[in-house]
Protein chains: 2
Amino acid sequence: MGRDDNDSSPQMGTALVHSMLEQRQDQAAGGRLVVNGGQPCRACPLADCEGLRQPPPDVRDWIAAFRHGDMRFARGEQVYAQATRPRFLYTVLSGVLMRSRLLEDGRRQIINFMFPGDFIGLQAALDAEMGHAVEAMTNVTLCTFVRERFFDLVAQQPRLSFDLTWLAAHEEAALEEHLVSLGQRNARERMAALAVFLVQRGIDTGIAPDGVLTLTVTQGQIAEMLGLSLVHTNRTLQALRRIGLVDWTLTSIRIPDIAAARAFAKIDGSVFSSRPYI
Amino acid sequence: MGRDDNDSSPQMGTALVHSMLEQRQDQAAGGRLVVNGGQPCRACPLADCEGLRQPPPDVRDWIAAFRHGDMRFARGEQVYAQATRPRFLYTVLSGVLMRSRLLEDGRRQIINFMFPGDFIGLQAALDAEMGHAVEAMTNVTLCTFVRERFFDLVAQQPRLSFDLTWLAAHEEAALEEHLVSLGQRNARERMAALAVFLVQRGIDTGIAPDGVLTLTVTQGQIAEMLGLSLVHTNRTLQALRRIGLVDWTLTSIRIPDIAAARAFAKIDGSVFSSRPYI
DNA sequence: CGCTTGGTTGAGGGACCTCAAAAGGCGTGG
DNA sequence: CCACGCCTTTTGAGGTCCCTCAACCAAGCG
């Protein structure tokens, strides 16, 4: 192993790692933050999302008072860096992000992706530094919460606290599935499993209405998610396309027969019921 | 890939997979459950554990009323099976357990290990079935809680709810680390990383006072954790032993120089502060 | 136009896998 | 006490999946 694809952008030499680690989210907080006045949550884009369970009005009002504001990031920008303690916790309002972890020698592992409704930053709700970085894969808007006030949420809104636990538990289940992929599945199974995962999440969150997820993912990023080399990722991708199982281009993921892809990747059909959000 | 070590016990043919999946925890609940009367938490073995942050007296009393009883499992027994909805949530009082996930074709991935103080079963606190099985690696005793009453805990004890979030977040961080291992590290790095992880947890929970963790792990189990074949696991293990980095036998793990092993496996020294428990 | 980003292809090598067999512990039973 | 079975470890040999190195192609953009 010891993979350094010097030609692909997400990878980099050891020299650049430090500068990446040093990049703080502080600079971003400057001009980016938009604090809404009035009743912001009335216009919450998540209120229209079918895959999400809507909070009752009183809870929504509470959230409206609890939240701090909005934040926007462009594709490729970093929400926060590894080994920092960001000031905020976030809920994804729109767009897709990814979480990744860097090794000292420049190797990078993409941990998971975040879709609308997902809660970001639980790890830092407590004392710890973040063990990962979060980066926008599309233009995104996030709903921000002040980290210091997190305990107020737990103390005052048991229902939300419960929902948070729900989200954390399901995030953990997703990581377990990825762990199974990396440990037990070969390249083609892995890629199929990832494609199914992404498309399914796209469907659930209403981003992929017709079963086709429009999302820009480079093959380098796929490689970093699957723990494969860039070259082999390319070949595996072509193989899946040739078989007709998954058609994954730079800008979209199309799965003609999801059930078939599921069977191929040996995914048990654990269908998630409607997710809560905060 | 497609690994079937028919000769090693943890692995099995597809025929046996179903019987394993069908094994319910119900049967276990029969004679095993021991409900303590009086003030059980006064004698809680976790109260002596240095690595754990102790709850204040009133909270401890609340837990004492909230808990349901104790349960014991012998090494090799299953606490609950995959795709079931166990009636209880658990806190590990003593012993070590592992969490694993089965694929339909018999491949198995060990997800993580649980040490004293760890909370088990959060995933099913809600609506979902468990996506994994939990099995005892030593004789263990668990503290049980009735799952239906979980919301009471969140509603009445924000501090405990917060602690639960803490535990969930750190469990997630551990899974992230394992993901990095499987995705980016080669066999030797993986094995060193796992050994360091286990020994560190052993030290933190007081099971490995002298830095040597006494724990029976077969090479087959190591293989299932690392996503390696049994044969290659054996050879890698010998290589690490020859180098003098990790001495991992069937019954114990010894790391002469933890810092060296950490550097070798490229683990950032994220030292956990004292864990809470419930 | 050159530069950058992302994709594609070929060739060779190495890490890891599978198949196969044997040996060392440890209990059980004759 | 030895024989026997069971589990776990060990070792050998051959194969393959995946990696690295190294080009080259295509599209977008100043």
Side-chain angles (χ1 to χ4, degrees), chain A residues 1-13 16 74-76 105-109 137 181-192 215-242 247-253, chain B residues 1-13 16 75-76 105-109 137 181-192 215-242 246-253:
Chain A
M1 296 245 173
R3 156 181 331 122
D4 299 60
D5 310 293
N6 335 354
D7 56 335
S8 106
S9 76
Q11 310 267 18
M12 70 221 74
L16 288 180
R75 165 174 163 80
D105 58 3
R107 286 180 271 178
R108 184 167 85 153
Q109 174 67 34
M137 301 197 65
S181 267
L182 293 191
Q184 304 298 329
R185 299 198 241 256
N186 63 29
R188 272 177 294 175
E189 292 170 335
R190 270 184 234 186
M191 192 167 292
L215 178 67
T216 299
V217 189
T218 69
Q219 294 183 6
Q221 289 172 323
I222 300 177
E224 287 182 323
M225 176 79 198
L226 300 181
L228 298 173
S229 75
L230 179 57
V231 173
H232 196 60
T233 297
N234 179 301
R235 295 195 165 115
T236 305
L237 211 144
Q238 293 180 53
L240 289 188
R241 197 177 297 151
R242 210 177 312 121
D247 186 20
W248 194 337
T249 70
L250 175 60
T251 54
S252 77
I253 311 175
Chain B
M1 297 246 169
R3 155 179 332 122
D4 299 60
D5 310 292
N6 337 355
D7 56 335
S8 104
S9 76
Q11 310 267 19
M12 71 224 73
L16 288 180
R75 165 175 163 78
D105 57 3
R107 284 179 272 177
R108 184 166 86 154
Q109 175 67 34
M137 300 197 65
S181 267
L182 293 192
Q184 304 298 330
R185 298 198 241 255
N186 63 29
R188 272 177 295 174
E189 290 170 336
R190 271 185 233 185
M191 192 167 294
L215 178 66
T216 300
V217 190
T218 69
Q219 293 183 8
Q221 290 172 323
I222 301 176
E224 287 182 323
M225 176 81 200
L226 300 182
L228 298 173
S229 75
L230 178 59
V231 173
H232 196 61
T233 297
N234 179 297
R235 294 194 166 115
T236 305
L237 211 146
Q238 291 179 55
L240 289 187
R241 197 176 298 152
R242 208 176 314 119
V246 174
D247 185 20
W248 193 336
T249 69
L250 174 61
T251 54
S252 77
I253 312 175

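Chain letters run A, B, ... following the sequence lines, proteins first, then strands; residues in each count from 1.
Side-chain contact between A:Met225 and A:Gln221 is absent, with no heavy atoms from C-beta onward closer than 4.5 Å. Residues B:Thr251 and B:Leu215 form no side-chain contact, since every pair of their non-hydrogen atoms from C-beta on lies 4.5 Å or further apart. Two residues are said to be in side-chain contact when any heavy atoms from C-beta on lie closer than 4.5 Å; B:Val246 and B:Met191 fail this criterion.
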Pairs under 3.5 angstrom, nitrogen or oxygen only, protein versus nucleotides 12-16 of chain D, please.
| from | atom 1 | to | atom 2 | distance (Å) |
| --- | --- | --- | --- | --- |
| D:dG12 | N7 | B:Arg235 | NH2 | 2.5 |

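Comparing the axis of the opening five pairs of the helix from C:dT8-D:dA23 to C:dG30-D:dC1 with that of the closing five pairs yields an angle of 30°, rounded to 10°.
Rounded to an integer number of Å, the gap from A:His232 NE2 to C:dT8 C1' is 15 Å. D:dC19 atom P lies 14 Å from atom CD of B:Glu189, rounded to whole Å. As a whole-Å value, the separation of A:Leu250 CG from C:dT8 P is 10 Å. In this structure, B:Asn186 places its CG atom 12 Å from P of D:dC19, rounding to the nearest Å. Atom C1' of nucleotide D:dC18 and atom CG of A:Leu237 are separated by 16 Å, given to the nearest angstrom. Atom CH2 of B:Trp248 and atom P of D:dT9 are 11 Å apart (whole Å). When rounded to the nearest whole Å, the span between CE of B:Met191 and P of C:dA15 equals 15 Å. The nearest whole Å value for the distance from the CD atom in B:Gln238 to the P atom in D:dT8 is 17 Å.
Atom OG1 of residue B:Thr249 and atom CG of residue B:Leu237 lie 9.0 Å apart, to the nearest 0.5 angstrom. Rounded to the nearest 0.5 Å, atoms CG (B:Leu228) and CZ (B:Arg188) are 12.0 Å apart.
For A:Arg241, the salt bridge (Lys or Arg N to Asp or Glu O under 4.0 Å) criterion is met by A:Asp247, not counting sequence neighbours.
A sub-4.0 Å separation between OP1 or OP2 of C:dT8 and a side-chain N or O of A:Asn234 is present.
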Begin with the C-alpha distance, continue with both residues' side-chain angles, and end with the deciding distance and a verdict on side-chain contact (heavy atoms from CB on, under 4.5 Å) for B:Leu250 and B:Thr218. CA-CA 6 Å; B:Leu250 174 61; B:Thr218 69; 3.9 Å; yes

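Considering only the side chain of B:Ser229, C:dC17 comes nearest among C:dC17, D:dT10, D:dT8. Here the side chain of B:Leu230 is nearest to one of D:dC18, D:dT9, C:dC16, namely D:dT9. Here the side chain of A:Leu228 is nearest to one of D:dT11, C:dC17, D:dC19, namely D:dC19. In the set C:dT8, D:dC19, D:dT10, D:dT10 carries the atom at the smallest distance from any side-chain atom of B:Gln219.
Partner of B:Gln184 under the side chain to side chain donor-acceptor pair (under 3.5 Å) criterion, out of A:Gln109, A:Arg107, A:Arg108: A:Gln109 alone.
Scanning both residues, A:Leu182 and A:Arg190, for their nearest heavy atoms gives O-NH2, 3.7 Å.
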